[in-house]
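Counting from 1, the numbers follow the sequence of the chain as shown.
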Amino acid sequence: MAQVIPINPDAATDSPGRSRLEERLAAGLDFLHRRLSGRYEVDEFGFDPELTDAVLIPAARLLYEHWFRVELRGLENVPPEGGALVVANHSGTLPLDGLMLQVALHDHAHRDVRLLGADLVYQLPLLGHLARKAGHTLAHPADAVRLLTKGELVGVFPEGYKGIGKPFRERYRLQRFGRGGFAGIALRTQVPIVPCAIVGAEEIYPKIGDIPALARLLGLPYFPVTPTFPLLGALGAVPLPSKWLIRFGEPVPMDGLGPEDADDQMTVFELTDRVRETVQQMLYDTLLERGPAF
């Protein structure tokens, strides 16, 4: 496959009279030509760095900077290189928290986070395709281990649908962290676990009800009812502009645990509970710092 030539719209040009607009137009046309001709690279998981940097991240950045006005804390706790597992709370009815986490780490830690997603994400044609292009993959232990051993930064939301689909009255209260799969993976690969608290997503689509019959009909884990959806139709799908704060905590101590401890279920459960308690306390602290939701 041909070598990718990165787009740099700010690069100097050999034509002194060429305008900035002409440069950008030329770069855009070159990008389109290479995409249409297949002259770009993806990794074994389908990650397309060029498309992510040129299209996906800039689109998400508009929400990040101008709608949710995201602020970061504890960025120094994210390793600048090597494998690491970011473990975050999950909320918001729709998974925009994962998107904002990706922009935060891409723009400020200069790392591409490889998020682990549920089966449903990859069963939806467009969403599944874009998720893989953005570097994400199915939440499967074997894939997570492969990514971590390659030195990738991997993100996981252990609450799954229980977290993202919980009612508004339970906001910022963590749900069960599954069976501790992420803890076993971290032990097996001996990578640091970086706890992450995301405050702000709970208010974007306040879930006040559910329609189970519609959820079953559409094959969804839930069909949410919010103050604006489905009452206002498509307009109700616009997220409320809550103020976001994302905090990264210090890596959770492993207390000298080794790869062999990944097979000890009691050890895995204890580490899972320790991470969950850490993230919950970080949520409380970050919520107090954030103050008013809007």
Side-chain angles (χ1 to χ4, degrees), residues 73-74 77-79 82-92 95 97-98 101-102 104-105 111 113-121 136-167 170-199 201-202 221 246-287:
R73 301 289 186 272
N77 293 316
V78 179
L85 193 62
V86 177
V87 180
N89 59 300
H90 209 15
S91 61
D97 50 1
L101 179 62
Q102 182 176 8
L105 291 167
R111 299 203 63 179
V113 63
R114 313 298 291 271
L115 297 177
L116 304 181
D119 296 10
L120 179 62
V121 173
H136 315 319
T137 190
L138 192 64
H140 189 282
D143 285 351
V145 168
R146 283 162 63 199
L147 285 167
L148 290 167
T149 52
K150 286 173 57 180
E152 299 283 359
L153 184 65
V154 174
V156 63
F157 298 97
E159 294 173 278
Y161 292 128
K162 297 188 300 295
I164 198 173
K166 66 178 177 288
E170 296 180 16
R171 59 194 179 278
Y172 299 114
R173 282 185 272 170
L174 290 181
Q175 305 298 298
R176 184 170 172 268
F177 266 23
R179 298 179 180 179
F182 74 88
I185 290 167
L187 288 168
R188 201 172 303 281
T189 56
Q190 288 293 283
V191 299
I193 296 176
V194 180
C196 175
I198 302 175
V199 165
E202 297 278 18
I246 298 178
R247 183 185 301 277
F248 300 97
E250 295 181 1
V252 176
M254 293 285 199
D255 298 329
L257 298 173
E260 67 280 359
D261 293 300
D263 297 319
D264 183 345
Q265 204 61 46
M266 188 58 68
T267 300
V268 170
F269 284 157
E270 288 175 355
L271 180 57
T272 300
D273 286 343
R274 195 187 315 162
V275 175
R276 185 182 181 279
E277 290 169 6
T278 300
V279 175
Q280 183 66 81
Q281 187 57 55
M282 288 172 58
L283 273 176
Y284 290 147
D285 295 342
T286 309
L287 191 59

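Distance CG/D143 to OG1/T137: 4.5 Å, rounded to 0.5 Å. Taking CG of L148 as the reference point, atom CZ of R188 lies at 12.0 Å (rounded to 0.5 Å). The CG atom of L116 lies 7.0 Å from the CD1 atom of I185; values are rounded to the nearest 0.5 Å. Annotation: the span from T267 atom OG1 to L257 atom CG amounts to 6.5 Å, rounded to 0.5 Å. Between atom CD1 of residue I164 and atom CD of residue E202 there is a gap of 10.0 Å, rounded to the nearest 0.5 Å. One distance of note links CZ of R173 with CD of Q280; it measures 9.0 Å at 0.5 Å rounding.
Shortest non-hydrogen contact noted between V252 and R274 is CG1-CD, 3.8 Å. Of all non-hydrogen atoms in V191 and M254, the two that sit nearest each other are O-CE, 3.4 Å. Shortest non-hydrogen contact noted between G98 and F157 is CA-CZ, 3.7 Å. Scanning both residues, G249 and V194, for their nearest heavy atoms gives O-CG1, 3.6 Å. Between V279 and C196, the closest heavy-atom pair is CG1-O, 3.6 Å. Nearest heavy atom pair, residue R176 against residue K162, reads O-CE, 3.7 Å.
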Mind running side-chain contact (heavy atoms from CB on, under 4.5 Å) on Y172 and T286 for me, showing each step along the way?
CA-CA 10 Å; Y172 299 114; T286 309; over 6 Å; no
Working note: D273 + R276, criterion salt bridge (Lys or Arg N to Asp or Glu O under 4.0 Å); need CA distance, chi angles, decisive distance, verdict.
CA-CA 5 Å; D273 286 343; R276 185 182 181 279; over 6 Å; no
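Environment of CD in E250: sparse, with no more than 12 heavy atoms of neighbouring residues, nucleotides or ligands closer than 6.0 Å.
H90 is not listed as a side-chain neighbour of Q175, based on a closest heavy-atom distance of 4.5 Å or more. In this structure, D285 and R73 have side chains that are not in contact, with every pair of non-hydrogen atoms separated by 4.5 Å or more. The shortest distance between side-chain heavy atoms of F177 and V156 does not fall below 4.5 Å. The shortest distance between side-chain heavy atoms of L271 and F182 does not fall below 4.5 Å. Residues L101 and L115 have side chains in contact (heavy-atom distance under 4.5 Å, counting atoms from C-beta outward). Between S91 and I198 there is no side-chain heavy-atom pair separated by less than 4.5 Å. Here the side chains of R247 and L283 are not in contact, with every heavy-atom distance at 4.5 Å or above.
Side chain of K166 to backbone of G163: a donor-acceptor contact under 3.5 angstrom is found. Here the side chain of Q190 pairs a donor or acceptor atom with the backbone of L187 at under 3.5 angstrom.
Of the candidates P192, P195, P79, P251 forms a side chain to side chain contact (heavy atoms under 4.5 Å, CB included) with just one, namely P192.
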